[in-house]
Asks: 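To start, I am sharing the structure in question, which I have written as C-alpha coordinates.
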Amino acid sequence: MNHNLPLPCYICGPTASGKSALALEVAQRLDGEIVNADAFQLYRGLEIVSAAPSLEERGQVPHHLYGVLDPAESADAGSYLRLAQPVIGEIQSRGKTPVITGGSGLYLKFLTHGPAPLPTGDAALRAALDARPLADLVAQLQALDPLEAARTALQNRRFVARALEICLLTGGLASGLRDQWAAQTRELSASLRGYVIQRARDDLHARIAARTRAMLDGGALEEVAALVRVSPNCEKAIGLREIRALLAGDIDRATCEGLINAATRQYAKRQESWFRREQWLEPVHPAL
RNA sequence: GGCUCGAUAGCUCAGUUGGUAGAGCAGCGGAUUGAAAAUUCGCGUGUCGCUGGUUCGAUCCCGGCUCGAGCCA
(Lines give C-alpha, C1' and ligand atoms only; values in the text may rest on other atoms or scores of the structure.)
Protein backbone atom coordinates (compact mmCIF):
# COMPACT_ATOMS: atom_id res chain seq x y z
CA MET A 1 0.00 0.00 0.00
CA ASN A 2 1.26 3.44 -0.93
CA HIS A 3 1.07 5.65 2.15
CA ASN A 4 1.30 8.87 0.18
CA LEU A 5 -2.13 8.36 -1.28
CA PRO A 6 -5.12 9.92 0.51
CA LEU A 7 -7.02 7.35 2.52
CA PRO A 8 -10.63 6.85 1.43
CA CYS A 9 -13.38 7.98 3.77
CA TYR A 10 -16.56 5.92 3.96
CA ILE A 11 -19.98 7.44 4.66
CA CYS A 12 -22.55 4.79 5.54
CA GLY A 13 -26.02 4.63 7.03
CA PRO A 14 -29.53 3.45 6.31
CA THR A 15 -31.53 4.77 3.41
CA ALA A 16 -32.89 8.31 3.90
CA SER A 17 -30.49 9.02 6.76
CA GLY A 18 -28.80 11.86 4.88
CA LYS A 19 -25.69 10.18 3.50
CA SER A 20 -25.51 12.23 0.32
CA ALA A 21 -25.60 15.52 2.20
CA LEU A 22 -22.99 14.41 4.71
CA ALA A 23 -20.77 13.04 1.94
CA LEU A 24 -20.94 16.39 0.21
CA GLU A 25 -19.86 18.17 3.37
CA VAL A 26 -17.04 15.73 4.03
CA ALA A 27 -15.85 15.89 0.43
CA GLN A 28 -15.71 19.67 0.55
CA ARG A 29 -13.78 19.62 3.81
CA LEU A 30 -11.31 16.90 2.74
CA ASP A 31 -10.86 18.12 -0.82
CA GLY A 32 -12.43 14.89 -1.94
CA GLU A 33 -14.58 13.38 -4.66
CA ILE A 34 -17.64 11.25 -4.09
CA VAL A 35 -17.85 7.62 -5.19
CA ASN A 36 -21.17 5.79 -5.20
CA ALA A 37 -21.57 2.59 -3.20
CA ASP A 38 -25.26 2.08 -3.80
CA ALA A 39 -26.35 -0.90 -5.87
CA PHE A 40 -29.27 0.93 -7.47
CA GLN A 41 -27.87 4.40 -7.92
CA LEU A 42 -25.45 2.72 -10.33
CA TYR A 43 -28.32 2.51 -12.81
CA ARG A 44 -29.23 5.11 -15.37
CA GLY A 45 -32.89 6.10 -15.52
CA LEU A 46 -33.53 5.21 -11.90
CA GLU A 47 -32.35 8.46 -10.37
CA ILE A 48 -35.61 9.43 -8.71
CA VAL A 49 -36.65 6.01 -7.43
CA SER A 50 -33.16 5.27 -6.11
CA ALA A 51 -32.84 8.75 -4.56
CA ALA A 52 -29.56 9.48 -6.33
CA PRO A 53 -27.90 12.85 -5.67
CA SER A 54 -29.41 15.71 -7.65
CA LEU A 55 -27.64 17.45 -10.51
CA GLU A 56 -27.24 20.42 -8.25
CA GLU A 57 -25.40 18.32 -5.67
CA ARG A 58 -23.28 16.73 -8.37
CA GLY A 59 -22.30 20.14 -9.52
CA GLN A 60 -20.69 21.01 -6.21
CA VAL A 61 -18.21 18.13 -6.03
CA PRO A 62 -17.25 15.51 -8.63
CA HIS A 63 -19.47 12.43 -8.30
CA HIS A 64 -18.48 9.03 -9.69
CA LEU A 65 -20.37 5.84 -10.55
CA TYR A 66 -23.84 7.30 -10.65
CA GLY A 67 -25.99 6.20 -13.58
CA VAL A 68 -23.21 4.18 -15.20
CA LEU A 69 -25.18 1.00 -15.84
CA ASP A 70 -28.05 0.38 -18.20
CA PRO A 71 -31.07 -1.04 -16.36
CA ALA A 72 -30.92 -4.04 -18.68
CA GLU A 73 -27.50 -4.95 -17.25
CA SER A 74 -27.08 -6.91 -14.07
CA ALA A 75 -24.45 -6.25 -11.49
CA ASP A 76 -23.14 -7.93 -8.38
CA ALA A 77 -20.68 -7.12 -5.64
CA GLY A 78 -17.78 -8.37 -7.74
CA SER A 79 -18.62 -6.33 -10.80
CA TYR A 80 -19.11 -3.30 -8.57
CA LEU A 81 -15.67 -3.82 -7.09
CA ARG A 82 -14.11 -3.99 -10.56
CA LEU A 83 -15.91 -0.77 -11.45
CA ALA A 84 -15.01 1.08 -8.27
CA GLN A 85 -11.38 0.16 -7.70
CA PRO A 86 -9.95 1.95 -10.76
CA VAL A 87 -12.10 5.01 -10.07
CA ILE A 88 -10.93 5.19 -6.47
CA GLY A 89 -7.30 4.67 -7.49
CA GLU A 90 -7.56 7.38 -10.08
CA ILE A 91 -8.97 9.88 -7.58
CA GLN A 92 -6.17 9.06 -5.14
CA SER A 93 -3.54 9.42 -7.86
CA ARG A 94 -4.69 13.00 -8.31
CA GLY A 95 -4.19 13.58 -4.60
CA LYS A 96 -7.90 13.76 -3.85
CA THR A 97 -9.71 11.87 -1.13
CA PRO A 98 -12.26 9.32 -2.28
CA VAL A 99 -15.44 9.83 -0.24
CA ILE A 100 -17.28 6.59 -0.69
CA THR A 101 -20.94 6.71 0.15
CA GLY A 102 -23.87 4.37 -0.21
CA GLY A 103 -26.10 1.97 1.63
CA SER A 104 -25.26 -1.34 0.00
CA GLY A 105 -23.47 -3.11 2.84
CA LEU A 106 -22.18 -5.99 0.78
CA TYR A 107 -20.77 -3.73 -1.92
CA LEU A 108 -19.03 -1.62 0.72
CA LYS A 109 -17.69 -4.75 2.35
CA PHE A 110 -16.12 -5.84 -0.91
CA LEU A 111 -14.41 -2.49 -1.11
CA THR A 112 -13.18 -2.49 2.48
CA HIS A 113 -12.34 -6.15 2.95
CA GLY A 114 -11.75 -7.40 -0.56
CA PRO A 115 -13.38 -10.25 -2.45
CA ALA A 116 -13.12 -13.82 -1.25
CA PRO A 117 -11.44 -16.13 -3.77
CA LEU A 118 -14.79 -17.40 -4.96
CA PRO A 119 -16.20 -17.81 -8.46
CA THR A 120 -18.72 -15.34 -9.87
CA GLY A 121 -22.32 -16.48 -9.89
CA ASP A 122 -23.30 -18.50 -12.93
CA ALA A 123 -26.76 -17.68 -14.27
CA ALA A 124 -27.32 -21.01 -16.01
CA LEU A 125 -26.23 -23.02 -12.99
CA ARG A 126 -28.42 -20.92 -10.74
CA ALA A 127 -31.41 -21.50 -12.95
CA ALA A 128 -30.77 -25.23 -12.75
CA LEU A 129 -30.37 -25.13 -8.96
CA ASP A 130 -33.48 -22.98 -8.56
CA ALA A 131 -35.52 -25.63 -10.31
CA ARG A 132 -34.67 -28.24 -7.68
CA PRO A 133 -36.28 -28.61 -4.26
CA LEU A 134 -34.36 -27.06 -1.39
CA ALA A 135 -34.04 -30.41 0.40
CA ASP A 136 -32.16 -31.74 -2.64
CA LEU A 137 -29.71 -28.87 -2.61
CA VAL A 138 -29.15 -29.27 1.11
CA ALA A 139 -28.49 -32.99 0.72
CA GLN A 140 -26.01 -32.40 -2.09
CA LEU A 141 -24.19 -29.67 -0.18
CA GLN A 142 -23.98 -31.88 2.89
CA ALA A 143 -22.46 -34.61 0.75
CA LEU A 144 -19.96 -32.37 -1.05
CA ASP A 145 -18.92 -30.03 1.78
CA PRO A 146 -20.27 -31.01 5.20
CA LEU A 147 -18.39 -28.19 6.93
CA GLU A 148 -19.91 -25.55 4.67
CA ALA A 149 -23.33 -27.13 5.13
CA ALA A 150 -22.93 -26.90 8.89
CA ARG A 151 -22.11 -23.19 8.62
CA THR A 152 -24.93 -22.37 6.23
CA ALA A 153 -28.47 -21.35 7.17
CA LEU A 154 -30.08 -24.31 5.47
CA GLN A 155 -33.52 -22.68 5.33
CA ASN A 156 -32.07 -19.93 3.18
CA ARG A 157 -32.29 -21.18 -0.37
CA ARG A 158 -30.03 -18.40 -1.67
CA PHE A 159 -27.23 -19.28 0.70
CA VAL A 160 -27.50 -23.02 0.15
CA ALA A 161 -27.54 -22.61 -3.63
CA ARG A 162 -24.56 -20.26 -3.52
CA ALA A 163 -22.50 -22.63 -1.39
CA LEU A 164 -23.36 -25.49 -3.69
CA GLU A 165 -22.61 -23.35 -6.73
CA ILE A 166 -19.12 -22.66 -5.40
CA CYS A 167 -18.43 -26.34 -4.86
CA LEU A 168 -19.71 -27.29 -8.32
CA LEU A 169 -17.90 -24.45 -10.11
CA THR A 170 -14.55 -24.99 -8.43
CA GLY A 171 -14.70 -28.72 -7.90
CA GLY A 172 -13.42 -27.92 -4.43
CA LEU A 173 -14.69 -26.93 -1.04
CA ALA A 174 -16.55 -23.66 -0.49
CA SER A 175 -15.63 -23.87 3.19
CA GLY A 176 -11.90 -23.93 2.41
CA LEU A 177 -12.08 -20.92 0.11
CA ARG A 178 -14.05 -18.98 2.67
CA ASP A 179 -11.53 -19.80 5.37
CA GLN A 180 -8.77 -18.40 3.18
CA TRP A 181 -10.57 -15.10 2.88
CA ALA A 182 -11.43 -14.95 6.58
CA ALA A 183 -7.74 -15.40 7.43
CA GLN A 184 -6.49 -12.58 5.21
CA THR A 185 -9.22 -10.13 6.15
CA ARG A 186 -8.93 -10.34 9.91
CA GLU A 187 -6.83 -7.22 10.56
CA LEU A 188 -8.17 -4.97 7.82
CA SER A 189 -10.62 -2.95 9.85
CA ALA A 190 -7.82 -1.19 11.76
CA SER A 191 -6.73 0.81 8.71
CA LEU A 192 -10.18 1.95 7.67
CA ARG A 193 -11.92 5.19 8.42
CA GLY A 194 -15.58 5.90 8.00
CA TYR A 195 -18.78 7.08 9.57
CA VAL A 196 -22.23 5.62 9.99
CA ILE A 197 -25.20 7.93 10.34
CA GLN A 198 -27.49 6.93 13.17
CA ARG A 199 -30.94 8.37 13.68
CA ALA A 200 -33.84 7.59 15.99
CA ARG A 201 -36.34 5.29 14.29
CA ASP A 202 -39.16 7.80 14.42
CA ASP A 203 -36.95 10.39 12.80
CA LEU A 204 -35.81 7.99 10.09
CA HIS A 205 -39.36 6.83 9.41
CA ALA A 206 -40.52 10.41 9.04
CA ARG A 207 -37.69 11.09 6.60
CA ILE A 208 -38.58 7.99 4.61
CA ALA A 209 -42.23 9.04 4.38
CA ALA A 210 -41.29 12.55 3.28
CA ARG A 211 -38.90 11.21 0.67
CA THR A 212 -41.41 8.73 -0.75
CA ARG A 213 -43.96 11.50 -1.12
CA ALA A 214 -41.44 13.74 -2.83
CA MET A 215 -40.48 10.93 -5.22
CA LEU A 216 -44.06 10.23 -6.22
CA ASP A 217 -44.72 13.94 -6.65
CA GLY A 218 -41.41 14.50 -8.37
CA GLY A 219 -41.53 12.32 -11.46
CA ALA A 220 -41.12 8.76 -10.18
CA LEU A 221 -44.18 7.62 -12.14
CA GLU A 222 -42.81 9.01 -15.39
CA GLU A 223 -39.40 7.52 -14.62
CA VAL A 224 -40.80 4.04 -14.07
CA ALA A 225 -43.10 4.29 -17.09
CA ALA A 226 -40.07 5.13 -19.22
CA LEU A 227 -38.09 2.03 -18.24
CA VAL A 228 -38.00 -0.35 -21.15
CA ARG A 229 -35.72 -3.29 -20.52
CA VAL A 230 -34.89 -4.02 -16.91
CA SER A 231 -32.65 -6.85 -15.75
CA PRO A 232 -34.03 -9.19 -13.08
CA ASN A 233 -31.36 -7.71 -10.87
CA CYS A 234 -32.46 -4.10 -11.32
CA GLU A 235 -36.10 -5.16 -11.16
CA LYS A 236 -35.87 -5.48 -7.40
CA ALA A 237 -35.51 -1.76 -6.76
CA ILE A 238 -37.98 -0.68 -4.12
CA GLY A 239 -40.75 1.26 -5.79
CA LEU A 240 -40.67 -0.37 -9.23
CA ARG A 241 -43.31 -2.98 -8.55
CA GLU A 242 -45.43 -0.60 -6.50
CA ILE A 243 -45.38 2.20 -9.06
CA ARG A 244 -46.11 -0.22 -11.88
CA ALA A 245 -49.17 -1.42 -9.96
CA LEU A 246 -50.23 2.20 -9.53
CA LEU A 247 -49.73 2.92 -13.23
CA ALA A 248 -51.75 -0.17 -14.10
CA GLY A 249 -54.58 1.02 -11.86
CA ASP A 250 -54.33 -2.00 -9.56
CA ILE A 251 -53.75 0.12 -6.47
CA ASP A 252 -54.37 3.75 -5.60
CA ARG A 253 -51.81 6.38 -4.81
CA ALA A 254 -52.14 6.11 -1.02
CA THR A 255 -51.68 2.34 -1.14
CA CYS A 256 -48.66 2.70 -3.39
CA GLU A 257 -47.12 5.21 -1.03
CA GLY A 258 -47.81 2.97 1.97
CA LEU A 259 -46.25 -0.07 0.31
CA ILE A 260 -43.12 1.82 -0.69
CA ASN A 261 -42.78 3.27 2.82
CA ALA A 262 -43.09 -0.15 4.44
CA ALA A 263 -40.56 -1.75 2.09
CA THR A 264 -38.15 1.12 2.63
CA ARG A 265 -38.48 0.96 6.43
CA GLN A 266 -37.73 -2.76 6.34
CA TYR A 267 -34.73 -2.19 4.14
CA ALA A 268 -33.46 0.54 6.47
CA LYS A 269 -33.72 -1.84 9.40
CA ARG A 270 -31.63 -4.47 7.63
CA GLN A 271 -29.05 -1.83 6.80
CA GLU A 272 -28.86 -0.79 10.44
CA SER A 273 -28.27 -4.42 11.41
CA TRP A 274 -25.50 -4.67 8.88
CA PHE A 275 -23.70 -1.44 9.81
CA ARG A 276 -24.01 -2.14 13.54
CA ARG A 277 -21.60 -5.01 13.02
CA GLU A 278 -19.04 -2.87 11.22
CA GLN A 279 -17.37 -1.70 14.37
CA TRP A 280 -14.72 0.33 12.59
CA LEU A 281 -17.42 2.81 11.55
CA GLU A 282 -17.69 5.82 13.80
CA PRO A 283 -21.30 6.74 14.63
CA VAL A 284 -22.53 10.19 13.67
CA HIS A 285 -25.75 11.63 15.07
CA PRO A 286 -26.84 14.50 12.87
CA ALA A 287 -28.89 17.30 14.36
CA LEU A 288 -32.30 17.43 12.68
C1' G B 1 -87.55 4.78 17.19
C1' G B 2 -87.58 -1.01 16.33
C1' C B 3 -84.79 -5.32 14.80
C1' U B 4 -80.25 -7.86 13.29
C1' C B 5 -75.05 -8.30 13.16
C1' G B 6 -70.34 -6.69 14.87
C1' A B 7 -66.80 -4.69 18.91
C1' U B 8 -60.38 -9.47 20.68
C1' A B 9 -52.74 -7.12 19.23
C1' G B 10 -50.88 -1.01 15.67
C1' C B 11 -54.29 -3.13 11.18
C1' U B 12 -57.49 -7.27 9.12
C1' C B 13 -59.56 -11.10 11.62
C1' A B 14 -59.77 -16.31 14.05
C1' G B 15 -60.89 -18.57 18.78
C1' U B 16 -62.32 -20.20 23.62
C1' U B 17 -68.89 -26.47 24.41
C1' G B 18 -66.75 -21.05 30.82
C1' G B 19 -60.20 -22.28 33.33
C1' U B 20 -57.23 -14.64 31.32
C1' A B 21 -56.19 -15.99 23.83
C1' G B 22 -53.52 -16.78 18.16
C1' A B 23 -52.82 -16.14 12.74
C1' G B 24 -51.50 -12.90 8.60
C1' C B 25 -49.70 -8.05 7.88
C1' A B 26 -47.15 -4.04 10.43
C1' G B 27 -43.31 -3.62 14.27
C1' C B 28 -38.70 -5.22 16.94
C1' G B 29 -34.02 -8.11 17.04
C1' G B 30 -30.46 -11.33 14.34
C1' A B 31 -27.75 -13.67 10.11
C1' U B 32 -25.70 -12.25 5.59
C1' U B 33 -18.61 -12.16 0.43
C1' G B 34 -20.53 -12.14 -6.37
C1' A B 35 -28.91 -11.78 -6.97
C1' A B 36 -27.76 -7.71 -1.27
C1' A B 37 -33.19 -2.21 -2.26
C1' A B 38 -31.82 -9.61 -2.40
C1' U B 39 -32.52 -13.84 0.77
C1' U B 40 -33.38 -15.72 5.51
C1' C B 41 -34.09 -16.89 11.12
C1' G B 42 -36.27 -15.50 15.80
C1' C B 43 -39.76 -12.50 18.96
C1' G B 44 -46.82 -11.62 20.44
C1' U B 45 -46.39 -6.37 21.77
C1' G B 46 -53.54 -7.65 24.68
C1' U B 47 -58.09 -3.80 30.54
C1' C B 48 -60.86 -9.70 24.67
C1' G B 49 -65.78 -1.95 24.14
C1' C B 50 -68.00 -0.39 29.20
C1' U B 51 -71.06 -2.00 33.24
C1' G B 52 -74.03 -5.17 36.31
C1' G B 53 -75.62 -10.47 36.96
C1' U B 54 -75.05 -15.98 37.08
C1' U B 55 -70.63 -18.97 38.50
C1' C B 56 -65.38 -21.52 42.53
C1' G B 57 -64.00 -18.94 37.97
C1' A B 58 -66.66 -14.75 32.50
C1' U B 59 -63.25 -12.52 26.85
C1' C B 60 -67.07 -16.53 26.14
C1' C B 61 -73.59 -17.22 29.11
C1' C B 62 -77.67 -13.35 30.59
C1' G B 63 -79.25 -7.93 31.25
C1' G B 64 -78.15 -2.82 30.47
C1' C B 65 -75.14 0.96 28.11
C1' U B 66 -71.78 3.02 24.24
C1' C B 67 -69.96 2.92 19.32
C1' G B 68 -70.12 1.00 14.15
C1' A B 69 -72.61 -1.52 9.88
C1' G B 70 -77.14 -3.09 7.79
C1' C B 71 -82.49 -3.75 7.49
C1' C B 72 -87.47 -1.96 8.83
C1' A B 73 -90.11 2.38 10.04
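Proteins come first, then strands; the chains are lettered A, B, ... in the order of their sequence lines, and each starts at number 1. Just the heavy atoms: all of them, side chains too, but no hydrogens, waters or symmetry mates, feed the values below.
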Asks: Please report the distance separating the C1' of B/G34 from the corresponding atom of B/U39, rounded so that it comes out in whole Å.
Replies: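 Those two atoms are separated by 14 Å.
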Asks: With sequence neighbours left out, write down each residue that passes ring-ring contact (aromatic ring centres under 6.0 Å, His included) with A/Tyr10, or none if nothing qualifies.
Replies: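 With sequence neighbours excluded, A/Tyr10 shows a ring-ring contact (aromatic ring centres under 6.0 Å, His included) to A/Trp280, given in chain and number order.
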Asks: Using a cut-off of 4.0 Å on non-hydrogen atoms, how would the nucleic acid contact of A/Asp130 be classed: base, sugar-phosphate, or nothing?
Replies: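 Base, at least one base atom sits under 4.0 Å.
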Asks: Would you indicate what A/Arg270 reaches in the nucleic acid, counting non-hydrogen atoms under 4.0 angstrom: base, sugar-phosphate, or nothing?
Replies: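 Since a base atom lies under 4.0 Å of A/Arg270, the category is base.
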Asks: Can you tell me, in whole Å, how much space there is between the C1' of B/G10 and that of B/G46?
Replies: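 Each nucleotide's C1' atom is 12 Å from the other's.
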Asks: What's the gap between B/G57 and B/G18 when it is taken at their P atoms, as a whole Å value?
Replies: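 Between the two P atoms, the distance is 15 Å.
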Asks: Of all the choices, B/G34, B/U39, B/A37, which nucleotide is nearest to the side chain of A/Tyr267 once you look at every atom?
Replies: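 Closest of the options to the side chain of A/Tyr267: B/A37.
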Asks: Tell me, do A/Ser20 and A/Glu57 make a side-chain contact under 4.5 Å, heavy atoms counted?
Replies: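 The answer is yes; the side chains approach within 4.5 Å.
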Asks: Check this for me: does the side-chain of A/Lys269 come within 3.5 Å of the base of B/G27 through a donor and an acceptor?
Replies: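 Donor-acceptor pair under 3.5 Å: no.
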Asks: Base, sugar-phosphate alone, or nothing: which one does A/Gln266 contact when heavy atoms must sit under 4.0 Å apart?
Replies: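 Sugar-phosphate only.
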Asks: Just checking A/Ser79: base, sugar-phosphate only, or nothing, at a heavy-atom cut-off of under 4.0 Å?
Replies: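 No contact at all - A/Ser79 keeps every heavy atom at 4.0 Å or more from the nucleic acid.
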Asks: Which base sits across from B/G52 as a Watson-Crick or G-U pair, both distances under 3.5 Å?
Replies: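 Result: B/C62.
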Asks: Taking only the C1' atom of each, what is the distance from B/C41 to B/G52 in whole angstrom?
Replies: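 Nearest-Å result for B/C41 against B/G52 at atom C1': 49 Å.
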Asks: Mind checking the P distance from B/U20 to B/C25? Whole angstroms is fine.
Replies: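 Looking at atom P only, B/U20 and B/C25 are 27 Å apart.
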Asks: Syn versus anti for B/G34, judged by chi lying within 90° of 0?
Replies: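 Here B/G34 takes the syn form, which means its glycosidic angle is within 90° of 0.
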Asks: Please test A/Glu272 against A/Lys269 for salt bridge (charged side-chain N to carboxylate O under 4.0 Å, His left out), starting from the C-alpha separation and ending with a verdict.
Replies: CA-CA 5 Å; A/Glu272 288 185 335; A/Lys269 200 161 78 65; over 6 Å; no
Asks: Given the C1' atoms of B/G15 and B/U8, what is the spacing between them in whole Å?
Replies: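 Approximately 9 Å lies between the C1' atom of B/G15 and that of B/U8.
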Asks: Students often get this wrong, so: under 4.0 angstrom with heavy atoms, is A/Ala116 touching a base, only sugar-phosphate, or nothing?
Replies: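 Result for A/Ala116 = base.
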Asks: Specify the separation, in whole Å, of atom CZ of A/Arg162 and atom P of B/G34.
Replies: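 Roughly 4 Å, once rounded to whole Å.
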